[in-house]
Amino acid sequence: MNHWLVKSEPVKYSWEQFEKDGNAVWDGVRNYQARNNLQAMKKGDLVMFYHSNEGMCVVGIAKVVKEFYPDPTIDDPRWVVVDLAPHKKLKKPVTLETIKADETLQNIGLIRQGRLSVMPLTKDEFDRILKLGS
DNA sequence: GCCAACGTTGGC
DNA sequence: GCCAACGTTGGC
């Protein structure tokens, strides 16, 4: 199983809304690297849900419920979406500050490539954040 | 609101 | 194919 992290600005789409909806079509990705990551997601993979700009913290874990297919919001075959469903909310959010301060998370994409909105995590990174959030 | 990082576009 | 200009993201 692979592990991922996606970002969302809570103003646009928050974890709370995601939980209320029960599932989400992860649309709007317009970056090739992020797109490639979406395409690599497999059903059942776990995905950290990060609030960018406001909050700046990992708030919960989602699960891939449907693998990639063409983005229905745009007439351009280059872009794809996946379907995500809430899996588990973290007991306490893990802030960017915490992640930056953690020795074992220095190589995380979140820090190294700040602007990427969909990125892979190693199992160690995933487990570490999970632990920090429980 | 500013700015650094970085991706994309378009002229040559 | 290079690179300058420009736009966007996201932390601060």
Side-chain angles (χ1 to χ4, degrees):
Chain A
M1 187 206 290
N2 292 312
H3 301 86
W4 309 92
L5 183 145
V6 296
K7 293 182 182 176
S8 182
E9 294 183 44
V11 173
K12 290 178 185 163
Y13 195 72
S14 67
W15 171 264
E16 288 70 27
Q17 186 63 43
F18 181 42
E19 273 193 334
K20 206 185 292 176
D21 291 347
N23 74 309
V25 177
W26 210 256
D27 59 22
V29 171
R30 299 288 181 268
N31 167 288
Y32 288 106
Q33 212 181 335
R35 191 275 316 264
N36 291 343
N37 289 331
L38 282 183
Q39 286 180 337
M41 285 185 187
K42 296 290 177 197
K43 195 172 173 181
D45 281 358
L46 296 178
V47 183
M48 294 256 164
F49 193 111
Y50 176 79
H51 277 173
S52 63
N53 281 326
E54 237 176 88
M56 290 185 284
C57 54
V58 177
V59 283
I61 298 165
K63 190 158 69 170
V64 179
V65 291
K66 189 173 175 188
E67 291 175 20
F68 79 92
Y69 56 98
D71 189 334
T73 64
I74 190 174
D75 183 23
D76 187 332
R78 290 180 301 168
W79 306 118
V80 303
V81 298
V82 295
D83 287 0
L84 299 179
H87 175 63
K88 197 171 144 191
K89 186 178 180 175
L90 291 182
K91 271 195 196 131
K92 49 179 187 183
V94 179
T95 64
L96 182 61
E97 199 182 358
T98 304
I99 290 170
K100 278 188 168 172
D102 194 282
E103 280 181 19
T104 59
L105 294 173
Q106 291 308 299
N107 286 326
I108 196 171
L110 195 63
I111 298 172
R112 298 181 52 159
Q113 233 183 324
R115 295 182 58 227
L116 188 60
S117 60
V118 182
M119 68 192 74
L121 293 181
T122 66
K123 187 174 188 309
D124 286 347
E125 289 165 348
F126 184 91
D127 288 345
R128 181 64 182 157
I129 293 172
L130 193 59
K131 198 178 167 199
L132 290 170
S134 58

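Keep in mind the model is a prediction, meaning the values are calculated, not measured. Chain A is the first sequence line, chain B the second, and so forth, proteins listed ahead of strands; every chain is numbered from 1.
A donor-acceptor distance shorter than 3.5 angstrom exists from the side chain of A:K7 to the backbone of A:G114, with no hydrogens or angles considered.
Regarding A:L110, its CG atom lies at a distance of 10 Å from the P atom of C:dC12, rounded to whole Å. As rounded to whole Å, 17 Å separates atom P of C:dC12 from atom NE2 of A:H51. Distance, A:R78 CZ to B:dT9 C1': 12 Å, rounded to whole Å.
Across all non-hydrogen atoms, the minimal contact from A:G22 to A:P86 is O-CD, 3.0 Å. The shortest non-hydrogen separation linking A:A34 to A:V29 is CB-CG1, 3.5 Å.
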Please list each protein N or O that sits under 3.5 Å from an N or O in nucleotides 4-8 of chain B, with the distance.
unit_1 : atom_1 : unit_2 : atom_2 : d
B:dC6  : O4'    : A:R115 : NH1    : 3.2
B:dC6  : O2     : A:R115 : NH1    : 2.5
B:dG7  : OP1    : A:Q113 : NE2    : 3.4

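A:F49 and A:W26 have perpendicular rings, their planes meeting at more than 60° on a 0 to 90° scale where under 30° would count as parallel.
Between A:K100 and the phosphate of C:dC12, there is a side-chain N or O to OP1/OP2 separation shorter than 4.0 Å. Between A:K7 and C:dT9, a side-chain N or O to OP1/OP2 separation shorter than 4.0 Å is absent. At the phosphate of C:dT9, neither OP1 nor OP2 sits under 4.0 Å from any side-chain N or O atom of A:Y50.
A ring-centre distance under 6.0 Å is not found for A:W15 and A:Y50.
Here CG of A:D45 is found 5.0 Å from CG of A:N2. Values are rounded to the nearest 0.5 Å.
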